Amino acid sequence: MSELDAIEGALKPSDIAAGIRRELATIRRFWKGTANPPKSAPGGARGVPESRMPGNDTAISLRAEVVRDLAFWVHAFVDEHPDSVQDWVIIDALDVPRTCRFLAEHADALGQWSSGNRMWDELETLAREVRACAAPPRRDTMMMGECPECETPVRAKIHNPGEVKCRGCGITDTVDGWIIRIVGNQPLVTAEQLVPILHKRMGIVATRAGIRQWVARGVIPTAGTDDRGRTMFERKAVFQALLLREARRDGAIG
């Protein structure tokens, strides 16, 4: 049984509650840093001196999105659980750390809530983006897979891949070329092979760990296993599932 198969369908309310607490803690920890993001953060500009507002357009948009989404989840939860606010005098949506503390305090109830899994999924994305903005990773690359000629792991720069060279045998190709070399045109791919395809085709920077979480939460479907026990994915089905998720987030569908 593969790792993906082992965790599929195993989520419990306590898992969702723990995940919600973890993502909220990440947002709280890195929130202050989004007001003055480093140059290597998405957007590439430091905050305006002597101002609380970041000069980075991406950071400004992200901060607004976090405030909006947290406020939505507070209102949605309180509408169904009015007693949850009895010990809270006021919840200011602009006070993100305090809003996070409120939601974290009710994580156990959120884990059993009908919308808890969806909330966790959205918080995970926000937390990842907040962390990337405030403390961007030093290594800005993604794993393409193993070179079919020498089995050396091939990595490409995320934002400016250009020509990608295998450090093992020296073969050089574009990202599209490497996808064809590694995956070919077969409809079924592994989680590792799915990573560069999602980035190239949909602009989604994913990891194998992130894909495992998507599977566990029912965000994307699987398509059985190969003869080595690896979980497989049908590319078109994954694209459709992720597009559906984005449409729901944007409010295009209910």
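One-based numbering along the sequence shown. In this text, all values refer to a predicted model and were calculated from it rather than measured experimentally.
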Q) Atom CD of Glu163 and atom CG of Asp173: how far apart are they, to the nearest 0.5 Å? A) 6.5 Å

Q.
So, taking the atom named CG in Asp121 and the one named CG in Leu126, what distance separates them when rounded to the nearest 0.5 Å?
A. 10.0 Å

Q: For the pair Trp214 and Val238, evaluate side-chain contact (heavy atoms from CB on, under 4.5 Å) and give the outcome as yes or no after the intermediate values.
A: CA-CA 10 Å; Trp214 283 344; Val238 171; 5.8 Å; no

Q. Roughly how far, to the nearest 0.5 Å, is the CD1 atom of Ile16 from the CG atom of Leu110?
A. 10.0 Å

Q: Find the distance between CG (Leu24) and CG (Leu70) and round it off to the nearest 0.5 Å.
A: 7.0 Å

Q.
List the residues meeting ring pair (Phe, Tyr, Trp, His ring centres under 6.0 Å) with Phe77, not counting sequence neighbours, and say none if there are none.
A. His81, His106, Trp113

Q: Could you grab the distance from atom CZ of Arg235 to atom CG of Leu198, nearest 0.5 Å is fine?
A: 10.5 Å

Q: Just do the side-chain contact (heavy atoms from CB on, under 4.5 Å) check on Thr26 and Val130 with the steps written out, would you?
A: CA-CA 8 Å; Thr26 298; Val130 166; 5.9 Å; no

Q | Salt-bridge present (Arg21, Asp108; N to O < 4.0 Å) | A | yes

Q.
I need the minimum non-hydrogen distance between Ala107 and Ala17, along with the two atoms involved.
A. O-CB, 3.3 Å

**Q.** Stepwise side-chain contact (heavy atoms from CB on, under 4.5 Å) check, Val215 with Phe233
**A.** CA-CA 10 Å; Val215 171; Phe233 300 86; 3.6 Å; yes

Q: Taking all heavy atoms of Thr172 and all of Lys165, pick out the closest pair and write down the distance.
A: OG1-CG, 3.6 Å

Q: Indicate whether any N or O donor in one side chain lies under 3.5 Å from an N or O acceptor in the other, for Arg167 and Thr152.
A: no

(Q) Within this structure, what is the CG-SG distance for the pair Asp95 and Cys100, rounded to the nearest 0.5 Å? (A) 9.0 Å

Q. Would you call Glu122 and Arg118 a salt bridge, taking side-chain N to carboxylate O under 4.0 Å as the test?
A. yes

Q | Cationic N near anionic O, under 4.0 Å, Glu192 to Arg230 | A | no

Q: May I have the step-by-step check of side-chain contact (heavy atoms from CB on, under 4.5 Å) for Trp73 and Ile20, ending in yes or no?
A: CA-CA 12 Å; Trp73 286 116; Ile20 287 173; over 6 Å; no

**Q.** Derivation and outcome, side-chain hydrogen bond (donor to acceptor under 3.5 Å, both in side chains), residues Arg63 and Thr34
**A.** CA-CA 7 Å; Arg63 287 172 67 88; Thr34 62; 2.7 Å; yes

(Q) I need the minimum non-hydrogen distance between Cys150 and Cys169, along with the two atoms involved. (A) SG-N, 3.7 Å

Q | Closest non-hydrogen atom pair between Ala241 and Val219, with its separation | A | CB-O, 3.3 Å

